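In what follows, a structure is listed as structure tokens, so that the remarks can point back to it.
For reference, positions follow the sequence shown, starting with 1. Remember, it's 1-based here, ligands and their atoms both numbered in the order they're listed. Keep in mind that the numbers below use all heavy atoms, side chains included, and drop hydrogens, waters and symmetry copies. Computed from a predicted structure; not experimentally measured.
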Amino acid sequence: TQAQIGVTGLAVMGANLARNLARHGHTVAVHNRSQYRTKALIEEHGHEGAFVACDTPEELVAALERPRRVLIMVQAGAPTDAVIEEFAPLLEPGDMIVDGGNAHFLDTRRREAALRERDIHFVGAGVSGGEEGALLGPSIMPGGSKESYQALGPMLEDIAAKVDGVPCCTHIGPDGAGHFVKMVHNGIEYADMQLIAEAYDLLRQGLGLTPAELADVFEQWNESELSSYLIEITAEVLRQVDAATGKPLVDVISDQAEQKGTGRWTVQIALDLGVPVSGIAEAVFARSLSGHAELREVSRALPGPSGATAGSAGEGFAEDVRQALYASKIVAYAQGFDQIRAGSTEYGWDINPGSLATIWRGGCIIRADFLDRIREAYEAETKPVTLLAAPYFTDALILAQESWRRVVVKAAELGIPAPGFSTALAYYDALRAERLPAALIQGQRDFFGAHTYRRVDREGSFHTLWSGDRSEVEA
Ligand code: NDP
């Protein structure tokens, strides 16, 4: 039998995607550098569908129908290049290599260009949903040529998560577009997690609630417009009791957050593109701050607010925090979608934000009811320049903003760090400001560096002769 697709790299993600494909009736050729993984997959799950076990790349390629589709699920970075180099010489024009790993989109662009020279389609596909998603239905974000999507799309749509019958997979755009949006997805995920963590901290310190009580609060919130996978698992984590100590698990977990890099990439690229993703940046910085044990150690003695009492936040605070969380979350998503638009323009990808919101509704970590509202906003007749200006979100912000301000004030009063909430509110206020102090910055720049400024009342660039008679000249 000829296999419809080959999967190489059978660690947890590759094995689960291969099983998902086989469970959907596809014949899947499977290969892994170390053969024990291939054997284990066949022994444990061979009965789930049609697999062709292959010991070598040559065997895998020989097992595939044409055009061949080879899905690579190995460690991102150099291992991915090594595996591409192993397979590419065995393939023929028109064949496809799909990289489902967490590649940097600039690597994907480089690989796509190099393989295009050899008439091989290279598809960088973002895959979200972790191991469970890979098995039961991930959200898939494939880039690459339109042509490759025709040959590959139906199969990927088949194994993707479905929401209202719509698959969480669509062609994102050429070359690195898929991995780019996966990167920003992860950046948004960082921001969302940070905001939830701040909400937890504010409620715990501000109201003195226990983790179990907070689990109830998040469970209730999951019935509101905040309904999402991340809120749902927050309740589960908070309810978990440590078997060894009998304490809430959250109290025995080290409070130093780790990261694998996609959040950091999002911010690095946002800096290059000039997109203010302040919510995502604060989330990445908050994780690094948490990991700086030495800074935290010597800073413990610094004074906090005098007279602030934990648990004193008072009635209505929980609802205020819920509103603040929602408003801040809208800002984080708006910033992420701005970055996607900027990337799309910079690299000529023509990404459709509405269809992106559609495929993030299921399968991925940021899946949420909320994404339906984003989809609607981008599908409306007048496309919003920023999500904040889309009617549904403007209404939500109007409803939330007083609560949002009270929460940021309360956080400062009590000395509870809330960088995500604060930066989101500052972004909101800066965007809506009639005038920004950037005018003063332009003046300063002109003073020390003759960098010139533009005027509100006339076209052109101007410079004040600061060290002369301070008259203005046209630059
Ligand atoms: P790992 O990232 O742990 O990678 C292990 C796999 O890579 C093994 O199959 C290993 O083969 C193979 N490998 C490593 N180096 C080489 C090499 N030089 N040549 C050939 N094979 C090599 O596996 P995961 O399943 O966790 O992830 C796979 C990819 O999916 C990664 O890019 C990851 O970032 C991405 N991803 C992971 C998610 C997750 O939740 N884990 C979610 C979404 C994407 P061997 O067995 O021989 O060592």
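- Using cut-offs of 30° and 60° on the angle between ring planes, the pair Tyr326 and Phe370 is perpendicular.
- Among His31, Met13, Arg33, Gln75, the residue whose heavy atom lies closest to atom 18 (N) of ligand 1 is Arg33.
- Remark: Glu225 does not engage Arg373 in a salt bridge, criterion side-chain N to carboxylate O under 4.0 Å.
- The side-chain contact (heavy atoms from CB on, under 4.5 Å) test applied to Ala76 returns no partner, not counting sequence neighbours.
- Protein heavy atom in closest approach to atom 26 (O) of ligand 1: Val12 CG1, 3.8 Å.
- Atoms CD and CD, on Gln323 and Glu319 in that order, are 5.0 Å from each other to the nearest 0.5 Å.
- The protein reaches atom 9 (O) of ligand 1 closely, with a heavy atom under 4.0 angstrom from it.
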Listed pairs under 3.5 Å, donor-acceptor, residues 118-127 side chains, sequence neighbours left out:
from: Arg118; atom 1: NH1; to: Glu85; atom 2: OE2; distance (Å): 3.4
from: His121; atom 1: ND1; to: Ser145; atom 2: OG; distance (Å): 3.0

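- Comparing heavy-atom distances from atom 30 (O) of ligand 1 across Glu86, Glu131, Met73, Lys182 singles out Met73 as nearest.
- Atoms of ligand 1 lying under 4.0 Å from at least one heavy atom of Gly9, given by number and element, are 9 (O).
- Ranking the protein heavy atoms by distance from atom 5 (C) of ligand 1 puts Ala11 CB, 3.7 Å first.
- In summary, the aromatic rings of Tyr347 and Phe105 are positioned with their centroids under 6.0 Å apart.
- At a heavy-atom cutoff of 4.0 Å, ligand 1 is contacted by the side chain of Arg37 but not by its backbone.
- Numbered from 1 in the order shown, with element, the atoms of ligand 1 that lie under 4.0 Å from a heavy atom of Val127 read 43 (C), 44 (C).
- By the criterion of a heavy-atom distance under 4.0 Å, both the backbone and the side chain of Val74 are placed next to ligand 1.
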